[in-house]
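These numbers come from the heavy atoms of this one structure, side chains and all, not from hydrogens, waters or symmetry mates. These numbers were taken from a predicted model, which means no experiment stands behind them.
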Amino acid sequence: PQSLFVGQTAKFTVTVTGTAPIANSWAVQNSDGSYTTLHDGVDANGSVIYGSTTTSLIISNLTATDAGTYQYTASNPINQVSNTGILNVAGYLTWSGANSGVWDIDTTTNWTLFGVPVAYQDGTNVLMDDTASGATDITLETSVSPLSLIINNNAKPYSITSVTGLGGIVGANGFTKMGTNSLTLNITNSYTGNTLVSNGVVTFGPSSASAGAGQLFVGSTSGRAVVN
């Protein structure tokens with residue numbers, strides 16, 4: 001099985017031998033157990049499919065509804081064989097803070113994926129919310145590049161701090177603050193996506209360079225940004 005995130009790219013590859021000509025096809029399983037043949041192009045979920053008549057199926061811009069069982073079929077005038085693979089698609093890597101407040105790369109299992117403790121990896125969608133069982137005062141001492149970052153906190157305040165000044169959010173990602181509770185940033189950010197403060201108060205501390213290189217948007221009634 002493949003376990004990926006919304007927005008990432010899945011690839012299924014098979015190796016086939018036999019008497020030519022061999023026809024290749026891919027299909028996805030429906031809820032009733034039947035299969036629907038896939039075709040290249042944008043599917044109903046908004047994902048992009050390529051290689052549907054080859055031995056390598058690529059699905060880019062994954063959505064949650066792309067999760068499921070995929071079937072490859074090879075056929076020639078003599079025989080037909082099929083094989084299946086499973087694709088899991090998670091919306092967000094969710095902060096738990098179960099071990100500590102440390103946000104690092106591929107080391108500390110302060111996150112959950114499909115309910116299982118995991119370490120952070122770049123290129124994933126990140127969510128910080130009220131489900132955190134541990135620390136919400138987060139220490140970041142390296143550059144991280146999530147695919148996207150959402151803080152949606154109503155009950156618990158969050159802070160992200162770099163003591164050394166080396167921690168920050170980089171890359172082409174965006175940053176969204178939701179929820180009525182607060183967020184304090186004492187990190188140096190250089191991400192190029194936009195920053196949206198739709199709810200709550202985001203405080204950029206004295207050690208925080210900026211809200212990234214993109215534009216800062218603040219909700220007209222319920223969001224507030226404070227720069228110290």
CA sep, side-chain torsions, deciding dist, call: T84, Q71, side chain to side chain donor-acceptor pair (under 3.5 Å)
CA-CA 4 Å; T84 59; Q71 181 184 72; over 6 Å; no
S162 side chain vs L166 backbone, donor-acceptor pair below 3.5 Å:
yes
I138 vs T161 side-chain heavy atoms within contact, under 4.5 Å
no
What's in the same ILVMFWY side-chain cluster as L196, cut-off under 4.5 Å, chained through other members?
F217
Sorted by chain and residue number, the side chain to side chain contact (heavy atoms under 4.5 Å, CB included) partners of Q29 (sequence neighbours excluded) come out as Y35, T69
Taking ILVMFWY side chains as joined if any heavy atoms are under 4.5 angstrom apart, and letting links pass through other members, which residues group with Y72?
L4, V6, F12, V14, V16, I22, W26, V28, L38, I49, L57, I59, L62, Y70, L87, V89
Do N110 and S96 get their side chains close enough for a donor-acceptor pair, meaning under 3.5 Å?
no
Stepwise ring pair (Phe, Tyr, Trp, His ring centres under 6.0 Å) test for W103 and W111:
CA-CA 9 Å; W103 181 358; W111 308 81; 5.4 Å; yes
Indicate if V48 and L147 have the same hydrophobic cluster label, given that clusters are the connected sets of ILVMFWY residues with side-chain heavy-atom separations under 4.5 angstrom.
no
Starting from V118, can I reach L149 by hopping between I/L/V/M/F/W/Y residues whose side chains sit under 4.5 Å apart?
yes
Treating Ile, Leu, Val, Met, Phe, Trp and Tyr as nodes and any side-chain heavy-atom pair under 4.5 angstrom as an edge, say whether V218 and F204 lie in one connected cluster.
yes
Side chain to side chain contact (heavy atoms under 4.5 Å, CB included) between V201 and L183, intermediate numbers included:
CA-CA 6 Å; V201 177; L183 169 67; over 6 Å; no
Taking the side chain as every heavy atom from C-beta outward, state whether V144 and I169 have any atom pair closer than 4.5 Å.
yes
Using modelled atom types only, decide if a donor and an acceptor are shared between the side chain of D32 and the backbone of S34 within a distance under 3.5 Å.
yes
Distance-only donor-acceptor check, side chains S56 and T54, under 3.5 Å
no
Does any non-hydrogen side-chain atom of T55 lie less than 4.5 Å from one of T15?
no
Might you work through the side chain to side chain contact (heavy atoms under 4.5 Å, CB included) test for M128 and T94, ending with a clear yes or no?
CA-CA 6 Å; M128 298 175 181; T94 304; over 6 Å; no
Checking side-chain polar atoms at under 3.5 Å, does N61 have a donor or acceptor matched by the opposite partner on S47?
no
Y92 meets the ring pair (Phe, Tyr, Trp, His ring centres under 6.0 Å) criterion, sequence neighbours left out, with none
Tell me the side-chain hydrogen bond (donor to acceptor under 3.5 Å, both in side chains) pairs involving residues 170-181, sequence neighbours left out?
N153-K177, N154-T180
Could you go through I160 and T139, starting from their C-alpha distance and side-chain angles, then the distance that decides it, and tell me whether this counts as side chain to side chain contact (heavy atoms under 4.5 Å, CB included)?
CA-CA 6 Å; I160 307 176; T139 302; over 6 Å; no
Can you name the side-chain hydrogen bond (donor to acceptor under 3.5 Å, both in side chains) partners of Q215, sequence neighbours left out?
none
Yes or no on side chain to side chain contact (heavy atoms under 4.5 Å, CB included) for I105 and Y120, after CA distance, side-chain angles and deciding distance?
CA-CA 5 Å; I105 299 176; Y120 167 83; 4.0 Å; yes
Under 3.5 Å, is there a donor-acceptor pair between the D122 and S145 side chains?
no
Heavy-atom side-chain contact between V126 and I150 under 4.5 Å:
no
Run the numbers on S148 and N125 for side chain to side chain donor-acceptor pair (under 3.5 Å), then give the verdict.
CA-CA 5 Å; S148 67; N125 293 300; 2.6 Å; yes
State, with a plain yes or no, whether a side-chain heavy atom of T19 is found less than 4.5 Å away from one of I78.
yes
After noting the C-alpha distance and the side-chain angles of N24 and T73, does the key distance pass the side chain to side chain donor-acceptor pair (under 3.5 Å) rule?
CA-CA 6 Å; N24 307 290; T73 300; over 6 Å; no
When you compare the side chain of I151 with that of M178, does any pair of heavy atoms fall below 4.5 Å?
no
Cluster overlap F175 with F5, hydrophobic side-chain contacts below 4.5 Å:
yes
Just so I know, are the side chains of T112 and V116 near enough to count as touching, which here means a heavy-atom distance under 4.5 Å?
no
